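Since the structure comes first, as structure tokens, the remarks are kept for the end.
We count ligands from 1, going down the list as the structure has it; atoms in each ligand are counted the same way. Quantities reported herein were computed from a predicted structural model and do not represent experimental measurements.
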Amino acid sequence: MDFALFIFVAGCLQYTIGEYVRVENLLSMQQGIGWPHSLTVVEGHQALMKLSITLENQQSCEVTTPAGERFNVLHPPNSRYEKWTGGCGLRVRHVEASDEGRWRLTAFKPGRNITGWSEIHVEENLSSYPASPISIIDGEKHKEIELTTLNNNYCLVTQPFSESSLVSGHCRVTIDRATRAIQGNWNVLLGIPGRVSEMHVGRRVDVEAERLDVGYVHDTASKKLHLYCNILHTIKNITFCRFQKTGAEAGYNIMDGISDGSHSYYGNGFAEKHCGITLENPTPDDYTTWRCSVGVKQWVGTHTKDQTPLQALISVPQLSGQTTIKRNTNFDGIEERVIFVQENMTFSISCQSNISLAYCWFQHPNGSQFTPLPQLPTNNEDQLFWYTGESLQTGECGITFTHVKKEDAGQWTCHMGPTTHSGIELTDQVTVRVTGPLAANVVEVPANIGGEATLYCHTSNGNKPLNYCRFLSPRNLGITIDSSVTQENAILQRYYFTPERHLDYGDCSLTINPVHAQDLGEWTCAAVINESQMEARDVIVVYFDKSAPLSRAGIIGMVIGLLVLVGILAGFVGYKRGWKIPNLSINFPGRRSVANMQIQDDRSSVTSTSSSTQDIVQFDVISPVAQPRP
Ligand SMILES: *[C@@H]1O[C@H](CO)[C@@H](O)[C@H](O)[C@H]1NC(C)=O
Ligand SMILES: *[C@@H]1O[C@H](CO)[C@@H](O)[C@H](O)[C@H]1NC(C)=O
Ligand SMILES: *[C@@H]1O[C@H](CO)[C@@H](O)[C@H](O)[C@H]1NC(C)=O
Ligand SMILES: *[C@@H]1O[C@H](CO)[C@@H](O)[C@H](O)[C@H]1NC(C)=O
Ligand SMILES: *[C@@H]1O[C@H](CO)[C@@H](O)[C@H](O)[C@H]1NC(C)=O
Ligand SMILES: *[C@@H]1O[C@H](CO)[C@@H](O)[C@H](O)[C@H]1NC(C)=O
Ligand SMILES: *[C@@H]1O[C@H](CO)[C@@H](O)[C@H](O)[C@H]1NC(C)=O
């Protein structure tokens, strides 16, 4: 029987006869009684279809496949087919691509037969959904993440370390604000039409923050050293690219396409956000720590605006040597940094590392920990301390406290966490002394008769000019001194102003050479600090110590260059001592810093004497006393 002709005839009948009830319903019945009308099946699954109307006294149920094959469901041509349900229905096992199309079912009984059909769509059995990682910029807002392009009814999305969420319809989620917390492998279970088992899709989500990709390439064959600081994941454009060797006074202004013969641009161009330098025939000096600074601009509204440059440190190890990230801390004989600060004033401590840092924190002498965070833009009274320094990227770790208290004196430790590797934090130590406005850097100076001693007082609030500088000896001899008094024109042939120190920079420093017995005892240094109404003073005790003070240098502090002169006289040892603050930060011309100290206070009236308790050392030339500070 030709069904198509039948339908055609039925259709014609509907239009021509109109009200003829039985035939009118026939067309809709033929579609409507096939269940389901349309069925999506994934290869390998089973398809189930039937007529939704059951004929009483049904005599037979016949099937016509899309290929035109006809059979009675009770006598299928192969085992893939099987009668399904009590009425007229069919189960097709292991659906194949060739099963796609219209399946017709007809139920017969004497005097009546009904027909319906089901459209079958066969889909491939996808075992996996290959998908590349999804990359999101950190901080992006209202970001819509499309998890698949597959057709799905629903999906269940599980982000790393969080609850699952059920999404109806197309599988996408919206993130209010992207953070690294959403980074990782997302598990997605898809409900796909035509298959019973949910499909598992793993999507890798990377949250990328703008950052510098920093490193070096050593090309031994062509004798070149390349350093680079490329910006990743950015919408900004490079405006300049600068490299500077630590300790060097000047850097290199590197530009796309320009070379001076030995320093050239390295990279794929500013357009690719690449900033790099090639050093041709590098010298051993070039194997050191470099700082790169990358200038950037960005669209802000309708204008482009310069942004804070990105900076980082690149450590290039010597060719033969291994990279050592260990920083020399306070092993014996290495100088100790001391910060002098006046009570109630603002004070800062800073440490410098030669590698980029992820974080840093400080340990108070009493053991408390302080982690500096950026200063709040509003002058917030509640913020007692904050981060100071250029950036952690450039290895700077600094903290500023609004007020220093007597209890803050002592040894502070800064702990620095490098970005590049986990493990032990780098540490450095800084001693804080809470003093008067003028303070002795060493309060107890060992000296040997005939040797040399230096009494050094300095303004405690950073470098402030002194109007004059005077000393009072233990025998009440008053000495007024400035840098015009040198070793050649020394007062009493042995008191002179310590070379390379300056009243203008807050130094009040006396060198005694040679030391006589009457110089042992308590000295006073005093000066009027410009802008101050009162004279400031401190006390220094010079004590006899015939043993070599080499080992004490580190403990007592700030003595860096210690030259041992072996005297011509047998057994006579003289010391030449110079006090210099190690400037661990990068040297910028014109910057003179004493232990990176910053003082911000307008208080002009300050007490003039140090109230700190001082040990007054009794000395005896015949039986020497070596009294270390507690
Ligand atoms: C679909 O493919 C997967 C893997 O190839 C297989 O494990 C699964 O049994 C298949 N599903 C069906 C219904 O054949
Ligand atoms: C039922 O179908 C047969 C052909 O298979 C046809 O000859 C017959 O007229 C149909 N009967 C009715 C009542 O439609
Ligand atoms: C960056 O450069 C591109 C290409 O020259 C330009 O389209 C874009 O506007 C620039 N953006 C800024 C912030 O200058
Ligand atoms: C950092 O500096 C220390 C000493 O100043 C040095 O020993 C170390 O090798 C440097 N580290 C790097 C990575 O340059
Ligand atoms: C520091 O402040 C405290 C409390 O405000 C005050 O008692 C003390 O005298 C101040 N010290 C100096 C040296 O100004
Ligand atoms: C250590 O000193 C800090 C700052 O003065 C103070 O806030 C903290 O309470 C002290 N901690 C202990 C354990 O005394
Ligand atoms: C303090 O220094 C300023 C310049 O820095 C100078 O003008 C002023 O006269 C000085 N004050 C005293 C008291 O010397």
Does a donor on one side chain sit under 3.5 Å from an acceptor on the other, for [X] and [Y]?
X	Y	value
E280	S262	no
T400	T388	yes
N237	K273	yes

Open item on the list: Keeping Q383 on the side-chain end and L376 on the backbone end, is there a donor-acceptor pair under 3.5 Å?
Closed with: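 Such a contact is found between Q383 side chain and L376 backbone.
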Open item on the list: Between R203 (side chain only) and S132 (backbone N and O only), is there a donor and an acceptor less than 3.5 Å apart?
Closed with: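 Yes: the side chain of R203 pairs with the backbone of S132.
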Please report which non-hydrogen protein atom sits nearest to [atom], along with the residue it belongs to and the distance in Å to one decimal place.
atom	value
atom 12 (C) of ligand 3	N237 ND2, 3.2 Å
atom 13 (C) of ligand 6	S368 OG, 4.1 Å
atom 7 (O) of ligand 6	F370 CZ, 4.5 Å
atom 14 (O) of ligand 6	N366 ND2, 3.2 Å

Task: Atom indices of ligand 6, in the order listed, that fall short of 4.0 Å to a heavy atom of D408 - done: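 Going through ligand 6 atom by atom, the ones under 4.0 Å from D408 are 4 (C), 5 (O).
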Open item on the list: Within ligand 6, which atoms have a heavy atom of K405 less than 4.0 Å away?
Closed with: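 The atoms of ligand 6 under 4.0 Å from a heavy atom of K405 are 5 (O).
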Open item on the list: Using a 4.0 Å cutoff against the non-hydrogen atoms of T304, which atoms of ligand 3 qualify?
Closed with: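 Contacts of ligand 3 toward T304, numbered from 1: 12 (C), 13 (C), 14 (O).
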Task: Proximal ligand 3 atoms for Q298, defined as those under 4.0 Å from one of its heavy atoms - done: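 In order of number, 13 (C).
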TODO: Please state which part of K297 comes within less than 4.0 Å of ligand 3, counting heavy atoms only: side chain, backbone, both or neither.
DONE: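 Looking at K297 and ligand 3, atoms from backbone and side chain both fall under 4.0 Å.
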Open item on the list: Can you tell me which portion of E407 lies within the under-4.0 Å heavy-atom range of ligand 6? Options are side chain, backbone, both, or neither.
Closed with: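 Within the 4.0 Å criterion, E407 makes no contact with ligand 6.
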- [ ] Evaluate the 4.0 Å heavy atom contact test for atom 9 (O) of ligand 3: does a protein atom fall under the cut-off?
- [x]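 Yes; the ligand atom in question has protein heavy-atom contact below 4.0 Å.
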Open item on the list: Any protein heavy-atom neighbour for atom 4 (C) of ligand 3 (distance below 4.0 angstrom)?
Closed with: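 Within 4.0 Å: no protein heavy atom nearby.
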TODO: Could you check whether the rings of F401 and F385 sit parallel, tilted or perpendicular, using 30° and 60° as the cut-offs?
DONE: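 Tilted, since the angle between the ring planes falls between 30° and 60°.
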Open item on the list: Less than 4.0 angstrom from a charged side-chain N to a carboxylate O is my criterion; do E396 and R291 meet it?
Closed with: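 Salt bridge present between E396 and R291.
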Task: Pairwise distance CG(D428) to SG(C360) - rounded to 0.5 angstrom - done: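 Spacing of CG (D428) from SG (C360) equals 11.5 Å.
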